[in-house]
Amino acid sequence: MLRGLTVELLELKNRITTSFSGTEDDLREVLDLIEQDQPVFPFNEYEHLICNLIEKGGLNYNQYIEIRSEYISQNPNLWIFEISAPRGFGEKFAQTYVKGKCSKLKTPSKKLDPNYAGEYDLWLDGITIEVKASRAVDSNSEEPLYVKALARDTNRQFIMNFQQLKPQYCDVFIWVAVFRDEIVLWIMSSDEVEKNPFYSKGQHRGNKGNEGQLHIKHDKIHLFSKYELKDDDLEGAIRKAAKG
DNA sequence: AAGCGCGGTTTATATGGCTG
DNA sequence: CAGCCATATAAACCGCGCTT
């Protein structure tokens with residue numbers, strides 16, 4: 001376990017067992033017990049493991065509290081992975097989050113833009129903005145999202161699929177990439193999206209050929225760092241992208 | 001007129017599957 | 001295997017008739 005790196009759920013067990021100072025035999029016995037057990041909500045594998053290790057005497061309450069608070073503070077975004085509905089995540093969470101970063105962003109309406117017909121998500125002084133969101137989860141896991149959620153510094157594989165992209169209907173894209181420990185925003189002009197080498201157009205069969213997708217994989221993500229919002233000046237980034 | 005309930009429609013992302 | 005396209009599915013949204 002490397003210090004300083006975020007503990008992903010898959011590593012938490014390791015973090016707990018390395019804190020155990022008891023004998024190898026006791027540890028093995030407890031791990032076997034956990035393996036056999038089928039926990040039911042609200043009980044779970046981890047509290048069961050910890051209780052058993054404390055009972056064996058190789059772990060104490062303070063260590064448990066330390067592991068617990070470390071995990072909580074390092075994984076502030078896990079609740080976002082519990083949002084199961086696509087629209088709950090994309091619309092309710094992501095758009096609200098982006099709006100919270102810049103009070104000048106407005107939810108569009110016919111009053112604001114007489115031609116508005118639901119083709120974009122946010123509006124800033126006439127700049128039309130589309131918000132897209134995706135969560136980083138382990139590609140090789142079948143577990144629920146909140147179990148396979150990944151940290152930004154992960155070495156596991158993931159694919160973020162930004163889709164239903166319609167560059168012709170907005171000026172600027174804001175991409176919200178959620179990791180269990182961090183939220184990253186990328187701001188790109190629709191031109192930059194359309195010209196991106198990973199942009200693939202066409203999604204729904206028979207559509208007018210105007211909806212594209214763009215997959216960002218773990219090994220390609222660094223190519224987008226130039227679009228990343230780093231100084232928290234979202235308004236400035238949007239205006240800059242809109243000019244391009 | 002304002003509010004509610006409800007069913008159909010739209011929109012969002014996660015993931016599957018095909019193809020070279 | 002990677003890349004592209006397509007489907008699954010669930011909640012948010014919308015509109016409308018009904019009630020108060």
Side-chain angles (χ1 to χ4, degrees), chain A residues 8-10 77-101 105-123 128-152 154-180 182-188 190 192-224:
Chain A
E8 291 171 352
L9 187 56
L10 301 155
N77 299 334
L78 275 181
W79 65 275
I80 301 168
F81 290 79
E82 294 187 43
I83 303 172
S84 62
R87 289 186 75 177
F89 172 56
E91 218 162 342
K92 249 174 80 194
F93 167 74
Q95 286 187 34
T96 310
Y97 176 79
V98 169
K99 274 177 80 176
K101 287 227 164 252
L105 287 168
K106 299 269 196 293
T107 301
S109 63
K110 285 227 194 277
K111 218 177 239 179
L112 222 50
D113 171 2
N115 298 321
Y116 177 68
E119 65 276 51
Y120 56 91
D121 297 330
L122 294 173
W123 188 93
T128 59
I129 301 160
E130 180 77 8
V131 177
K132 292 291 169 192
S134 188
R135 291 166 283 200
V137 295
D138 191 335
S139 301
N140 301 311
S141 168
E142 307 281 314
E143 298 289 326
L145 295 181
Y146 55 86
V147 172
K148 56 182 173 177
L150 297 175
R152 183 145 195 215
T154 191
N155 49 22
R156 294 173 188 276
Q157 299 187 310
F158 60 84
I159 300 173
M160 289 184 168
N161 186 15
F162 294 93
Q163 54 199 303
Q164 323 255 92
L165 306 175
K166 298 183 279 289
Q168 62 276 88
Y169 291 140
C170 68
D171 303 319
V172 174
F173 281 92
I174 298 178
W175 288 359
V176 182
V178 180
F179 296 87
R180 57 164 51 221
E182 211 176 316
I183 296 175
V184 181
L185 296 184
W186 289 296
I187 292 93
M188 299 171 75
S190 48
E192 286 168 327
V193 170
E194 200 162 7
K195 298 216 167 83
N196 189 281
F198 303 109
Y199 179 74
S200 71
K201 56 172 157 186
Q203 179 154 12
H204 292 134
R205 177 181 46 196
N207 79 356
K208 296 147 202 139
N210 59 11
E211 288 187 1
Q213 302 191 12
L214 201 153
H215 291 262
I216 299 181
K217 294 179 39 174
H218 52 95
D219 56 346
K220 309 271 171 50
I221 194 167
H222 66 278
L223 298 171
F224 291 83

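Hydrogens, waters and symmetry mates are skipped; everything else that's a heavy atom, side chains included, is used. Just so we're on the same page: letters track the sequence lines, and every chain starts at 1.
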For the [atom1] atom of [X] and the [atom2] atom of [Y], what is their distance to the nearest 0.5 Å?
| X | Y | atom1 | atom2 | result |
| --- | --- | --- | --- | --- |
| A:Leu223 | A:Phe198 | CG | CZ | 5.0 Å |
| A:Glu130 | A:Gln95 | CD | CD | 8.0 Å |
| A:Glu8 | A:Leu78 | CD | CG | 10.0 Å |
| A:Phe162 | A:Asn196 | CZ | CG | 11.5 Å |

Expressed as a whole number of angstroms, how long is the span from [X]:[atom1] to [N]:[atom2]?
| X | N | atom1 | atom2 | value |
| --- | --- | --- | --- | --- |
| A:Ile216 | C:dG3 | CD1 | P | 13 Å |
| A:Tyr146 | B:dA14 | OH | P | 16 Å |
| A:Gln95 | B:dA12 | CD | C1' | 10 Å |
| A:Lys132 | B:dT13 | NZ | C1' | 9 Å |
| A:Asn140 | B:dT15 | CG | C1' | 13 Å |
| A:Phe93 | C:dA11 | CZ | C1' | 17 Å |
| A:Tyr97 | B:dA12 | OH | P | 20 Å |
| A:Ile83 | C:dT9 | CD1 | P | 20 Å |

What contact category does [X] fall into here, base, sugar-phosphate, or nothing, at under 4.0 angstrom with non-hydrogen atoms?
| X | value |
| --- | --- |
| A:Asp121 | sugar-phosphate |
| A:Ser84 | nothing |
| A:Ala133 | sugar-phosphate |

Given [N], is OP1 or OP2 found less than 4.0 Å from the side-chain N or O atoms of [X]?
| X | N | answer |
| --- | --- | --- |
| A:Lys148 | B:dT15 | yes |
| A:Lys220 | C:dG3 | yes |
| A:Ser200 | C:dG3 | no |

- prompt: Taking only residues two or more places apart in sequence or in another chain, which ones pass side-chain contact (heavy atoms from CB on, under 4.5 Å) with A:Ser84?
  reply: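 Expected list: none.
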Listing time: all N or O pairs from protein to nucleotides 16-18 of chain B that are below 3.5 Å?
none

message: Could you tell me if A:Lys99 and A:Thr107 have a donor-acceptor pair between their side chains, going purely by distance under 3.5 Å?
response: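 Present: a donor and an acceptor within the cut-off.
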message: Checking the side chain of A:Asp171 only, and the main-chain atoms of A:Thr128 only, is there a donor and an acceptor separated by less than 3.5 Å?
response: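 Between the backbone of A:Thr128 and the side chain of A:Asp171 there is a qualifying donor-acceptor contact (under 3.5 Å).
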message: I'd like to know if the side chain of A:Ser190 reaches the main chain of A:Gln168, judged simply by a donor and an acceptor atom lying under 3.5 Å from each other, with no hydrogens or angles considered.
response: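 No; judged by distance alone, with no hydrogens or angles, the pair does not exist.
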field: Flag if over 12 foreign heavy atoms under 6.0 Å of NZ, A:Lys92
entry: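 For A:Lys92, atom NZ is not crowded (no more than 12 foreign heavy atoms under 6.0 Å).
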field: Over 12 non-hydrogen atoms of neighbours within 6.0 angstrom of CZ in A:Phe81
entry: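 Yes.
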- prompt: With respect to the side chain of A:Lys217, which nucleotide from B:dA12, C:dG3, B:dA14 is positioned closest?
  reply: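 Taking heavy atoms from C-beta onward, the closest nucleotide is C:dG3.
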message: So, under a plain 3.5 Å distance rule, would you say the side chain of A:Gln163 forms a donor-acceptor pair with the base of B:dA14?
response: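 Present.
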Listed pairs, N/O of protein and of nucleotides 12-15 of chain C, under 3.5 Å:
residue: C:dA12; atom: OP1; partner: A:Lys92; partner atom: NZ; Å: 3.4
residue: C:dA12; atom: N3; partner: A:Arg87; partner atom: NH1; Å: 2.9

